Amino acid sequence: MSSLRIECVAKEGCRIGESPVWDEKEGALLCVDITGRKVCRWSPLTGETQAIPVDAPVSSVALRKSGDYVITLGTSFAALKWKEELVTTITQVDKDKANTRFNDGKVDPAGRYFAGTMAEEIRPAVLERHQGSLYTLLPDLSVVKHFDQVDISNGLDWSLDHRIFFYIDSLSYSVDAFDYDLQTGKIGNRRSIYKLEKEESIPDGMCIDTEGKLWVACYDGGRVIRLDPETGKRLQTVKLPVDKTTSCCFGGKDYSEMYVTSASDGMDKEWLSRQPQAGGIFKITGLGVKGIPPYPFAG
């Protein structure tokens with residue numbers, strides 16, 4: 001595709017950029033810097049990034065129907081009022097564990113906020129295994145735990161007919177599917193739909209396009225890959241100028257732009273000198289497909 005264009009639009013360099021979400025109302029891209037402990041909002045109009053500091057690792061951000069945002073902060077679901085820079089805890093999980101934190105999260109089509117945990121990393125992708133769980137924050141602000149024994153709870157999304165929930169536990173090197181009941185939010189019948197190849201490295205964040213195909217950011221793989229969840233085939237690979245690509249979403253006026261976050265944690269000076277844009281946010285245009293708007297949390 002000769003029209004494919006990749007540019008680094010926010011060069012501020014996150015330590016671990018994650019959870020890109022397009023905020024249509026603001027015409028801006030939200031994301032978080034997990035270890036940098038900040039929630040960021042980048043405006044394509046000004047080219048500037050605003051950041052709100054928080055007091056724990058912040059791993060995902062989502063829109064809220066009533067306005068402003070919800071985030072996963074440490075082991076808590078929390079509310080974020082942007083203008084006031086005010087964070088209030090909604091509820092905490094993993095109370096029996098001293099060494100976990102939330103990782104990726106996303107809102108389902110019914111307005112439930114799904115997010116999973118993992119052990120704190122010793123260094124990138126090195127951690128005590130099987131310490132994480134997958135949770136849902138319901139609109140009534142109660143929490144459901146789906147399962148535990150998770151290594152690194154990561155990318156998640158739903159099929160266009162809302163009958164399948166897609167999920168990544170990074171160290172399984174697999175993209176998995178579950179049957180999904182939108183009425184109840186229950187999941188079951190887990191199966192692998194794609195196993196990553198060696199050069200693709202570690203599956204991280206994920207999003208879906210309007211053709212029902214999945215896009216997966218490959219951490220340490222320096223790429224996003226497009227998968228057909230029905231055939232389990234890889235359809236496309238888009239390489240980026242940084243190795244630590246972390247997540248992706250569609251945005252822009254008609255959701256035809258893809259935004260990809262990246263990380264710089266774990267890179268030495270020599271590595272960073274070769275990849276000065278590590279930790280930046282990238283915009284990909286000319287993919288020829290569009291995404292769907294994110295769902296807001298209904299609580």
Side-chain angles (χ1 to χ4, degrees), residues 1 3-4 19-22 103-112 114-116 134 136 146-147 150-219 221-240 245-251 254-260 284-295:
M1 297 183 82
S3 59
L4 199 67
S19 184
V21 179
W22 185 256
N103 201 38
D104 209 351
K106 195 171 277 185
V107 177
D108 85 344
R112 307 176 187 97
F114 276 64
L134 181 68
T136 300
H146 296 282
F147 51 79
V150 174
D151 288 325
I152 302 178
S153 190
N154 234 321
L156 50 182
D157 218 327
W158 289 264
S159 62
L160 301 181
D161 65 5
H162 309 154
R163 289 181 176 176
I164 300 171
F165 168 58
F166 299 108
Y167 176 70
I168 290 168
D169 179 354
S170 288
L171 297 188
S172 69
Y173 295 89
S174 172
V175 180
D176 291 354
F178 294 79
D179 295 343
Y180 193 64
D181 185 332
L182 188 65
Q183 296 311 113
T184 63
K186 286 195 167 66
I187 59 177
N189 184 28
R190 185 175 189 168
R191 64 264 184 202
S192 173
I193 55 165
Y194 184 81
K195 281 279 188 192
L196 273 84
E197 293 169 19
K198 198 166 190 248
E199 73 276 7
E200 292 167 349
S201 207
I202 303 169
D204 202 328
M206 168 169 60
C207 66
I208 198 163
D209 64 30
T210 55
E211 293 171 14
K213 308 298 188 277
L214 297 172
W215 292 83
V216 178
C218 301
Y219 181 83
R223 66 194 69 193
V224 286
I225 54 175
R226 188 183 192 220
L227 310 174
D228 185 332
E230 288 181 13
T231 63
K233 295 269 189 296
R234 182 182 66 213
L235 305 172
Q236 192 177 348
T237 300
V238 179
K239 292 193 176 171
L240 284 97
T245 38
T246 54
S247 192
C248 52
C249 79
F250 285 92
D254 59 355
Y255 291 90
S256 65
E257 300 164 350
M258 176 175 276
Y259 290 93
V260 181
I284 305 173
T285 46
L287 282 170
V289 291
K290 293 179 181 182
I292 56 171
Y295 303 106

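Worth knowing before you read on, the calculation uses all heavy atoms, side chains too, and leaves out hydrogens, waters and symmetry mates. As the structure is a computational prediction, the values presented were derived from the model and not from experiment. All residue numbers in this chain count up from 1 along the given sequence.
Shown here is K239, whose NZ atom has no more than 12 heavy atoms of other residues, nucleotides or ligands within 6.0 Å.
The side-chain hydrogen bond (donor to acceptor under 3.5 Å, both in side chains) test applied to S159 returns D161, not counting sequence neighbours. Applying the salt bridge (charged side-chain N to carboxylate O under 4.0 Å, His left out) rule to D179 yields the partners R191; only residues at least two apart in sequence or on another chain are considered. Applying the salt bridge (charged side-chain N to carboxylate O under 4.0 Å, His left out) test to R163 and every residue at least two apart in sequence or in another chain returns nothing. Not counting sequence neighbours, the partners of E200 by the side chain to side chain contact (heavy atoms under 4.5 Å, CB included) test are Y194, L196, E197, C218, R223, I225, R234. Shown here are the side-chain hydrogen bond (donor to acceptor under 3.5 Å, both in side chains) partners of S192, two or more places apart in sequence or in another chain: S174. Residues meeting the side-chain hydrogen bond (donor to acceptor under 3.5 Å, both in side chains) test with E199, sequence neighbours left out: none. Legend: residues meeting side chain to side chain contact (heavy atoms under 4.5 Å, CB included) with L182, ordered by chain and number and at least two apart, are D108, P109, A110, R112, H162, Y180. Legend: residues meeting ring pair (Phe, Tyr, Trp, His ring centres under 6.0 Å) with Y259, ordered by chain and number and at least two apart, are W22, W42. Partners of S19 according to the side-chain hydrogen bond (donor to acceptor under 3.5 Å, both in side chains) rule, which considers only residues two or more places apart in sequence or in another chain, do not exist here. Not counting sequence neighbours, the partners of C207 by the side chain to side chain contact (heavy atoms under 4.5 Å, CB included) test are K106, D157, W215, C248, F250, M258. Annotation: side chain to side chain contact (heavy atoms under 4.5 Å, CB included) contacts of K290 (sequence neighbours excluded): T210, D254, S256.
Summarising the geometry, atom OH belonging to Y219 is positioned 8.0 Å from atom CG belonging to D204; distances are rounded to the nearest 0.5 Å. Here the CG-CG distance, from D151 to L171, works out to 4.5 Å after rounding to the nearest 0.5 Å. Atoms CZ and CG, on F166 and L227 in that order, are 10.0 Å from each other to the nearest 0.5 Å.
What you find for A177 and I164 is that their closest heavy atoms are CB-CG2, 3.8 Å. Closest of all the heavy-atom pairs between S170 and P203 is OG-O, 2.6 Å.
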query = Would L214 and I193 satisfy side chain to side chain contact (heavy atoms under 4.5 Å, CB included), going step by step from the backbone distance to the final call?
reply = CA-CA 11 Å; L214 297 172; I193 55 165; 3.9 Å; yes
task = Evaluate side chain to side chain contact (heavy atoms under 4.5 Å, CB included) for L156 paired with F165, printing each intermediate quantity in order.
result = CA-CA 7 Å; L156 50 182; F165 168 58; 3.7 Å; yes
message = Evaluate I284 against V224 for side chain to side chain contact (heavy atoms under 4.5 Å, CB included), listing each step before the verdict.
response = CA-CA 10 Å; I284 305 173; V224 286; 4.3 Å; yes
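A distance-only check finds a donor-acceptor pair linking the side chain of D169 to the backbone of I152 [under 3.5 Å]. At distances below 3.5 Å, not a single donor-acceptor pair connects side-chain atoms of D176 with backbone N or O atoms of R190.
Under 3.5 Å, the side chains of Y167 and S153 contain a donor-acceptor pair of N or O atoms.
Within the structure, the salt bridge (charged side-chain N to carboxylate O under 4.0 Å, His left out) test picks out the following pairs touching residues 206-216 (sequence neighbours left out): D209-R226, E211-R226.
Using a 4.0 Å cut-off between charged side-chain N and carboxylate O, K233 and D228 make no salt bridge.
In this structure, L160 and I292 have side chains that are in contact, with non-hydrogen atoms separated by less than 4.5 Å.
For W158 and F114, the gap between ring centers is short of 6.0 Å.
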